Q: 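One structure coming up, written as structure tokens, with questions to follow.
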Amino acid sequence: MNLDHEQAVNPAKRSYYRSLRWYLIPGVILVSFAPMLLVGGLVLNQFQRSYSDKVEAHLNELVLKHKQNIDHFLEEKTADLKVLLKTSGIQRLRNEAVLARKLAILQTEYRGEFVDLGIVNDQGQQVAYAGPFKLDQANYSQAPWFKKAMNEDIFISDVFLGLRGLPHFIISIKQQLDGTAWIIRATIDFVAFNNLVEAIRMGETGFAFIVNRKNEFQTTPPADLSSEKPFFQDLLQAPKSPMDAVKITRQQADDTGGMLAGDEYIYVASLLKNGEWLLVYRQNTSDAFSIVRSAINLTLVIFAFGGLGIITMAVVLSRRVVGLVARADMEKELMNQQVIETSKLASIGELASGVAHEINNPVAIMVEEAGWIQDLLEDEVFEKSQNLDEFHRALGQIKTQGSRCKEITHKLLSFARKTESSNQQINIDQLMTELVDLTTQRTKYSNVKVSVQALDDLPEITASSTELQQIFLNLLNNAIDAAASSGGTVTITTRLEHNTIIVAVSDTGPGIPQSNLDRIFDPFFTTKPVGKGTGLGLSICYGIVKKMGGNIVVSSEVGSGTTFSVSLPLVQKQTLPQKSRARF
Amino acid sequence: MTEANVLLVDDETDFVETMAKRLTKRDLNVSKAASGEEALEVLARHSEIEVVVLDVKMPGMDGGETLREIKRLYPLVEVIMLTGHATVRSGIEGMKLGAADYLSKPCDIEHLIAKVDEAAQKKRRHEEKIQEARLQEITLRRP
């Protein structure tokens with residue numbers, strides 16, 4: 001068998017091999033994929049979970065720390081103010097000069113976190129003021145903070161614009177003096193406070209901000225979050241948790257407003273300032289868990305390449321396995337076919353030789369009897385007979401036909417007898433003539449002209465005459481069949497080319513379409529009607545020619561004919577052991 | 001030339017009969033045998049037979065065996081093989097066993113006669129030589 005003909009399998013077998021392949025491929029893929037997916041998935045899942053835990057714990061810690069920082073900041077400022085009040089008293093502080101001195105001290109100590117100081121009476125009238133703004137005698141009686149400040153001893157306001165038109169917030173302490181309430185009010189620099197919160201930044205999208213209970217931003221978030229306000233409301237409304245608790249929420253962004261639709265954000269929130277404010281840390285989940293994401297991406301890439309490799313391997317492997325199976329099957333089948341063919345040929349040969357021999361004797365007797373009559377006619381008794389010439393002619397005819405019979409039987413005998421495949425010296429041209437003679441009967445009825453053209457003086461070739469007869473009789477029969485449909489001609493040309501004998505069998509038949517041309521040497525491929533051809537002829541030819549170290553090629557043009565060219569090397573490579581070469 | 005003495009051996013008696021008639025008509029002395037065994041018997045009785053025309057394929061003793069036997073018993077008798085299959089091989093086989101020539105059936109009568117004559121000549125030449133040698137031996141015999 002030749003590698004070119006690995007695909008030379010009949011359709012039923014082909015579908016069997018295909019199903020075998022489709023049976024193998026998923027198996028291999030499944031077995032390879034399952035552990036990979038399982039291990040990969042488990043590891044990834046574990047990693048993701050532990051990493052998420054870590055990130056969340058970290059964020060928790062971060063937010064908690066900052067919440068404490070901010071609370072601490074506010075407490076500190078309040079404490080400062082308390083100390084100021086205690087040490088100086090409202091009485092002294094009502095003096096603007098004293099107030100200014102105290103402010104200067106605070107500002108140097110706390111790097112300008114205190115913007116100004118003011119003393120307000122219970123009517124909301126600012127009686128003393130120290131600071132950069134012209135707010136002496138300002139009346140706060142209508143300011144919301146003043147109302148609240150009058151109700152509480154210590155009050156920290158939300159951020160508001162106030163009279164000065166700048167965002168700020170106020171810490172106020174109320175003290176009774178001489179039966180009336182006095183309030184000392186300090187403005188905290190919004191920028192300084194803001195920095196405290198804005199310092200919480202992580203990754204590319206992580207930042208923090210504060211909202212109050214009215215859902216107003218107490219710091220300026222670096223991104224527009226107005227669309228998320230309802231969500232903060234939810235956070236604020238959540239059942240009041242202990243002050244040091246941190247709430248972690250993940251929220252899918254809806255496609256309203258500034259957030260990118262589809263992004264998921266992680267919110268870490270904690271209440272501060274006695275539950276009035278909410279510190280929110282917000283980060284894009286994919287940013288927060290970027291390592292997990294890159295791990296997933298890496299895993300996916302590995303899966304993709306690994307999967308590709310596995311699938312390729314599965315396909316290649318199964319193809320190879322099925323190829324081997326197909327090859328083994330085909331070799332077996334061909335071997336069987338060959339055995340059948342050989343025994344068939346042998347029995348036909350025996351039969352033919354028996355018949356030929358039995359016919360030969362009666363023919364010999366008939367010819368002899370005719371000869372005897374001819375002898376007798378030479379006697380003078382018959383000399384005057386009218387029809388003497390006719391007698392002679394008829395007897396001559398009997399003799400001629402007798403020798404024709406003899407020739408036929410002899411050819412039959414010689415062809416049938418040569419079934420042994422021992423190598424001998426063979427004259428190709430002579431063999432061709434012999435074969436053409438054998439097919440005379442067929443060609444006569446199908447009106448095909450067969451001619452042999454010897455272009456070169458061929459040397460004898462060492463080969464098995466049986467095999468050569470088989471090759472060329474097959475080709476000749478096919479050519480005659482092809483030519484018969486159009487009453488054409490078959491031409492056999494023999495020539496010598498570089499120590500190779502080339503025998504071309506050409507017919508002027510209808511030709512072979514390209515689609516069939518590729519499969520023409522496939523075993524069991526036939527275009528003849530059922531029962532007329534085994535589809536083995538050409539494949540056996542192919543096998544024999546290959547075994548002899550030669551080659552057989554076909555060229556055909558639809559409508560103008562087909563040529564099979566067999567090249568046989570004069571010096572055969574007999575060194576190749578037969579067993580290693582698959583045999584047809 | 002004197003007519004040759006021929007023995008025709010073939011299991012096809014019809015063939016032998018006709019052939020005998022035709023050869024007799026051409027001035028040959030013809031004996032007939034239908035089998036190898038019979039041929040040997042005839043040879044034993046008729047020492048004058050010079051040429052045997054022997055069919056290869058016969059029931060019982062076939063052509064090859066008969067040829068061997070004839071050559072063993074009567075080395076000078078020439079044998080022409082008549083083969084059913086006109087192939088060089090069976091002819092060569094016969095020649096190797098000592099046959100003078102071979103012909104394929106059915107054969108041309110003139111052709112056969114030519115071969116028979118040739119074989120008879122050959123036999124006679126051999127016999128002459130042997131006779132000469134014997135004569136010489138006798139005449140030169142020392143007392």
Side-chain angles (χ1 to χ4, degrees), chain A residues 349-350 352-382 395-420 422 424-427 430-431 434 437 465-466, chain B residues 3 6 8-28 30 32-36 53-60 62-64 80-94 102-116:
Chain A
E350 259 169 56
S353 93
V355 168
H357 197 86
E358 287 315 308
I359 297 242
N360 207 37
N361 277 326
V363 168
I365 294 166
M366 274 150 61
V367 171
E368 284 315 313
E369 293 293 350
W372 177 231
I373 295 169
Q374 224 164 9
D375 290 351
L376 294 179
L377 280 181
E378 274 155 27
D379 292 354
E380 55 263 53
V381 190
F382 299 101
L395 289 168
Q397 188 67 6
I398 292 174
K399 257 180 134 179
T400 313
Q401 296 308 319
S403 41
R404 218 177 115 197
C405 286
K406 170 187 151 180
E407 225 165 279
I408 292 166
T409 54
H410 283 176
K411 263 180 202 143
L412 205 52
L413 279 170
S414 77
F415 184 66
R417 208 167 22 76
K418 284 177 194 165
T419 41
E420 79 290 336
S422 59
Q424 57 205 84
Q425 295 296 110
I426 289 164
N427 183 325
Q430 199 180 316
L431 183 93
E434 230 176 279
D437 285 349
S465 67
T466 333
Chain B
E3 59 265 33
V6 187
L8 285 177
V9 188
D10 198 332
D11 57 315
E12 296 277 345
T13 44
D14 291 335
F15 180 77
V16 175
E17 289 299 329
T18 316
M19 192 58 110
K21 278 190 243 168
R22 297 192 73 190
L23 292 178
T24 311
K25 197 174 180 344
R26 282 168 177 78
D27 299 331
L28 269 74
V30 183
K32 292 169 279 184
S35 68
V53 177
L54 184 61
D55 188 30
V56 171
K57 203 179 174 193
M58 285 186 298
D62 75 359
I80 295 169
M81 307 294 286
L82 267 186
T83 67
H85 356 119
T87 54
V88 186
R89 184 119 23 117
S90 58
I92 286 170
E93 289 297 313
Y102 72 92
L103 277 169
S104 66
K105 276 205 293 190
C107 54
D108 188 56
I109 190 85
E110 304 304 332
H111 206 58
L112 177 64
I113 287 170
K115 297 262 184 202
V116 168

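Naming: A, B, ... by sequence-line order, numbering from 1 per chain. Nothing here was measured: the structure is a model prediction, and the numbers come from that model. What's counted below: heavy atoms across the whole structure, side chains too, no hydrogens, waters or symmetry copies.
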Q: Just do the side-chain contact (heavy atoms from CB on, under 4.5 Å) check on K399(A) and D108(B) with the steps written out, would you?
A: CA-CA 9 Å; K399(A) 257 180 134 179; D108(B) 188 56; 3.9 Å; yes
Q: In Å and rounded to the nearest 0.5 Å, what is the CZ to CD distance from F15(B) to E369(A)?
A: 10.0 Å
Q: Which distance, rounded to the nearest 0.5 Å, do you find between the CG of D10(B) and the CD1 of I365(A)?
A: 7.5 Å
Q: Below 4.5 Å, heavy atoms only, C-beta onward: do D14(B) and E368(A) meet side chain to side chain?
A: no
Q: Could you check which of K25(B), R26(B), R22(B) has the highest count of heavy-atom pairs closer than 4.5 Å to chain A?
A: R22(B)
